[in-house]
There are 2 protein chains.
Amino acid sequence: MTDSENLLKSKKLRKTALRLRVLDLFLGKPHSAVQTSRLEEELGEVDRITLYRTLKTFEKEGIIHKVMDGTQLTKYALCHDTCTTHSVEEDHAHFLCESCSETICVGNFDMQSITLPPSYRVTKVQLALSGICPNCS
Amino acid sequence: MTDSENLLKSKKLRKTALRLRVLDLFLGKPHSAVQTSRLEEELGEVDRITLYRTLKTFEKEGIIHKVMDGTQLTKYALCHDTCTTHSVEEDHAHFLCESCSETICVGNFDMQSITLPPSYRVTKVQLALSGICPNCS
DNA sequence: GTTTAAATGCAATAGTGTTGCAAATATAAC
DNA sequence: GTTATATTTGCAACACTATTGCATTTAAAC
């Protein structure tokens with residue numbers, strides 16, 4: 001049984017052709033955030049609605065999470081360790097390369113370093129870095 | 001001459017009815033990020049295309065900047081001090097209240113606290129905080 | 001194999017944002 | 001105040017992203 005099949009089974013999701021293909025794609029680039037339109041391209045002729053529903057299902061099950069990289073584009077990335085239980089990912093940072101537009105997860109950081117008035121109750125911190133990635137410099 | 005009129009003059013932009021109304025709105029809530037659809041509501045019957053073009057013009061002139069608060073919505077806020085020269089705003093943080101959905105600028109922070117592999121050249125840092133704001137708690 | 005609940009695919013729809021172009025208008029020159 | 005002109009506006013049309021309802025298909029359990 002492949003990783004994708006195992007993952008679906010562990011989430012009690014039915015094994016369908018598209019779900020397996022989408023999962024394979026994410027598992028193939030575990031630290032990259034993939035844009036929805038890019039997924040459509042890579043998958044070829046798929047029903048767009050089904051793809052969107054697949055992504056929503058995966059998000060709800062904590063398989064993938066939306067990535068905030070400072071663009072307004074919808075990008076998803078595979079969840080790791082800390083975010084497998086919920087789709088919410090806390091204190092997580094992403095880096096967007098301004099040259100190649102690739103977005104990658106760069107792991108967690110210490111949110112203690114941010115000071116806010118105590119009247120604000122902060123429950124989630126997302127950091128969007130951008131610049132030039134190692135490949136492009 | 002009002003603040004809005006002065007601002008337009010200083011940017012060598014023509015004084016039009018819509019521009020003045022939009023500017024007044026932003027100047028009225030100098031630390032809030034306003035969603036485009038919300039602007040449409042508050043302005044009443046305005047031509048949507050003209051509004052979008054107005055926002056783009058203001059953004060290009062460094063009057064307002066796009067705010068990244070972790071939602072995929074387009075929100076703009078007035079530029080202050082550090083971001084008046086460009087539409088790019090650096091090392092800036094915003095706070096989104098999960099209860100009332102208001103987004104406010106919470107000022108700058110120290111980006112030194114983020115550690116990344118040195119092969120990444122970071123030129124821009126955006127921080128999206130979310131939780132409960134003082135009004136809602 | 002049969003059953004059934006879940007997933008898919010299609011049609012229709014909504015929201016956001018853009019471009020081209022003719023008409024209107026703000027500013028500057030007279 | 002009038003006129004000239006470059007800017008701005010408003011409309012039509014379009015593109016992209018995303019969602020909902022519903023009939024059909026299919027995966028998994030029996």
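Note: hydrogens, waters and symmetry copies are ignored here, and every other heavy atom, side chains too, is used. Reminder, nothing fancy here: chain letters follow the sequence lines and each chain counts from 1.
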Could you walk me through whether B/Glu98 and A/Arg121 satisfy the salt bridge (Lys or Arg N to Asp or Glu O under 4.0 Å) test, starting with their C-alpha distance in whole Å, then the side-chain angles of each, then the deciding distance to 0.1 Å, before giving a yes or no?
CA-CA 10 Å; B/Glu98 285 159 7; A/Arg121 190 144 45 89; over 6 Å; no
Starting from the C-alpha separation in whole Å, work towards a yes-or-no answer on side-chain contact (heavy atoms from CB on, under 4.5 Å) for B/Leu129 and A/Lys124.
CA-CA 6 Å; B/Leu129 307 167; A/Lys124 192 176 175 187; over 6 Å; no
Could you give the distance from CZ (B/Arg19) to CZ (B/Arg14), rounded to the nearest 0.5 Å?
9.0 Å
Separation of C/dG15 C1' from B/Arg38 CZ (nearest whole Å)
18 Å
Atom CG of B/Asp47 and atom P of C/dT16 are separated, to the nearest Å, by 15 Å
Provide, to the nearest angstrom, the distance between the CG atom belonging to B/Leu8 and the C1' atom belonging to D/dT7.
14 Å
A correct 5'-to-3' footprint of nucleotides 18-30 of chain D, with B, S and - meaning base, sugar-phosphate only and no protein heavy atom under 4.0 Å, is BBBB-----BS--
Salt bridge (Lys or Arg N to Asp or Glu O under 4.0 Å) for A/Arg38 and A/Glu102? Distances and angles first, verdict last.
CA-CA 11 Å; A/Arg38 183 93 167 269; A/Glu102 292 292 315; 3.3 Å; yes
Taken to the nearest whole Å, CD/B/Glu40 to P/C/dG15 is 10 Å
Distance in Å, A/Ile49 CD1 paired with A/Thr54 OG1, rounded so as to fall on 0.5 Å steps:
11.5 Å
If I take atom NZ in residue B/Lys12 and atom C1' in nucleotide D/dA6, what distance separates them, rounded to the nearest angstrom?
16 Å
On the 0 to 90° scale, with breaks at 30° and 60°, tag the A/His65-A/His94 ring pair as parallel, tilted or perpendicular.
tilted
B/Glu45 CD to D/dT9 P: how many Å, rounded?
17 Å
When the distance from CZ of B/Arg19 to C1' of C/dT25 is rounded to whole Å, what number comes out?
12 Å
Whole angstrom value for the distance that separates C1' of D/dC11 from CG of B/Leu18
16 Å
